[in-house]
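For reference, positions follow the sequence shown, starting with 1. One-based numbering, in listed order, for ligands and for the atoms of each. Note: hydrogens, waters and symmetry copies are ignored here, and every other heavy atom, side chains too, is used.
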Amino acid sequence: MKQKNISIPFTEYSGEAELPENIKKLVVEAKKSAANAYAPYSKFKVGTAVLLANGKIVTGNNQENSAYPSGLCAERVAIFYANAQYPNVAIKTIVIVAFQQNDEVEHPVYPCGACRQVILESQGKQTSPIKLFFISKEKIHSVENASYLLPLEFDKESLNR
Ligand code: THU
């Protein structure tokens, strides 16, 4: 028996001013999208901006439903839309921002487990890694590879074991 550990590298920025210019643009788009979220139940509005390899920016926001599980997170709305419109174009970067009662959150919000699974499926279809940025008022976190968000994942290889 052997004890093993997994650690993940991530970057912390002290604020939006520190971000590269192209990411700042994605933040603006993610915030605009969050404003259009349909979140009457949680009042937690999430916006996602997805930068594609063809330079297009696709955005999405959370869509809730009175039958709660029928709703969908911002990340999956944006990624599925990107995949539907541009099925063969790689995803380069995903930016996520959230507002609670219309106030930007003070700590970064990370994608839920189901969204991580979907992000990894996209990364598995392309050769380049997907970078993610989690925006908040206090600080910003970023990972260089979506795999860091879901170690020991279930993927298409798992189906052949
Ligand atoms: N939500 C997202 O859209 N993305 C996340 O990363 C976390 C949660 C949504 C789902 C639901 O509409 C609301 O936020 C509260 O969970």
Side-chain angles (χ1 to χ4, degrees), residues 6-16 18-20 22-52 56-86 90-126 129-155:
I6 295 171
S7 67
I8 63 146
F10 69 102
T11 307
E12 185 169 288
Y13 298 86
S14 64
E16 283 179 32
E18 273 186 8
L19 292 173
N22 64 328
I23 304 300
K24 283 184 190 161
K25 185 170 174 352
L26 293 175
V27 173
V28 170
E29 296 304 318
K31 286 184 177 177
K32 273 197 232 162
S33 187
N36 292 330
Y38 178 65
Y41 304 105
S42 70
K43 314 264 190 261
F44 192 76
K45 294 184 165 192
V46 185
T48 301
V50 175
L51 174 65
L52 301 176
K56 301 259 184 221
I57 298 172
V58 169
T59 60
N61 45 46
N62 50 328
Q63 297 293 320
E64 297 185 349
N65 194 283
S66 55
Y68 288 7
S70 300
L72 200 62
C73 294
E75 294 88 329
R76 274 176 288 165
V77 168
I79 292 164
F80 288 153
Y81 182 78
N83 289 342
Q85 297 301 311
Y86 308 101
I91 293 176
K92 287 176 81 94
T93 310
I94 299 175
V95 167
I96 301 161
V97 64
F99 294 80
Q100 215 158 20
Q101 307 280 357
N102 295 323
D103 249 348
E104 186 178 346
V105 291
E106 287 182 6
H107 304 284
V109 164
Y110 312 107
C112 76
C115 286
R116 291 176 196 217
Q117 185 71 29
V118 166
I119 293 165
L120 274 178
E121 185 75 20
S122 289
Q123 187 172 272
K125 292 193 301 183
Q126 58 190 60
I130 296 178
K131 284 189 197 176
L132 293 110
F133 289 82
F134 313 111
I135 312 302
S136 81
K137 262 199 264 190
E138 295 274 306
K139 58 186 180 226
I140 291 164
H141 285 159
S142 165
V143 291
E144 291 284 313
N145 189 313
S147 295
Y148 298 149
L149 293 181
L150 194 58
L152 308 178
E153 79 264 31
F154 184 92
D155 60 13

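- Salt bridge annotation for R116-E153: absent, with no cationic side-chain nitrogen under 4.0 angstrom from a carboxylate oxygen.
- Short contacts between ligand 1 and E75, defined as distances under 4.0 Å to a heavy atom of the residue, involve ligand atoms 2 (C), 3 (O), 4 (N), 5 (C), 6 (O).
- In terms of protein heavy-atom proximity, atom 9 (C) of ligand 1 is closest to N62 ND2, 3.5 Å.
- For atom 8 (C) of ligand 1, the closest non-hydrogen atom on the protein side is C73 SG, 4.2 Å.
- Shown in contact with A74 at under 4.0 Å from a heavy atom are these atoms of ligand 1, numbered in order with element: 2 (C), 3 (O).
- The shortest N/O to N/O separation between L72 and ligand 1 does not fall below 3.5 Å.
- Under the side chain to side chain contact (heavy atoms under 4.5 Å, CB included) test applied with S33, the options N61, V97, I57 reduce to a single match, N61.
- With hydrogens and angles disregarded, a donor-acceptor distance shorter than 3.5 Å links the side chain of N62 to the backbone of F44.
- Using cut-offs of 30° and 60° for the angle between ring planes, the F10 and H141 rings count as perpendicular.
- Here the straight-line distance linking atom CD1 of I135 with atom CG of L19 works out to 5.5 Å at 0.5 Å rounding.
- By the criterion of a heavy-atom distance under 4.0 Å, neither the backbone nor the side chain of Q63 is placed next to ligand 1.
- The shell of residues lying under 4.0 angstrom from ligand 1, judged by heavy atoms, includes P111.
- Remark: ligand 1 atoms within the under-4.0 Å shell around heavy atoms of E64 are 11 (C), 12 (O), 13 (C).
- Taken to the nearest 0.5 Å, the OG1 atom of T48 stands 7.0 Å off from the CD1 atom of I79.
- Side-chain atoms of S136 come within 3.5 Å of backbone atoms of E106 as a donor-acceptor pair (strictly under, hydrogens ignored).
- In this structure, CZ in F134 is found 13.0 Å from NZ in K139, a value given to the nearest 0.5 Å.
- From the protein, the heavy atom lying nearest to atom 16 (O) of ligand 1 is F44 CD2, 4.7 Å.
- By the criterion of a heavy-atom distance under 4.0 Å, neither the backbone nor the side chain of Y41 is placed next to ligand 1.
- Of all atoms in ligand 1, listed by their number and element, those nearer than 4.0 Å to a heavy atom of S42 are 13 (C), 15 (C).
- Close contacts of ligand 1 with Y110, meaning ligand atoms under 4.0 Å from a residue heavy atom, involve 6 (O).
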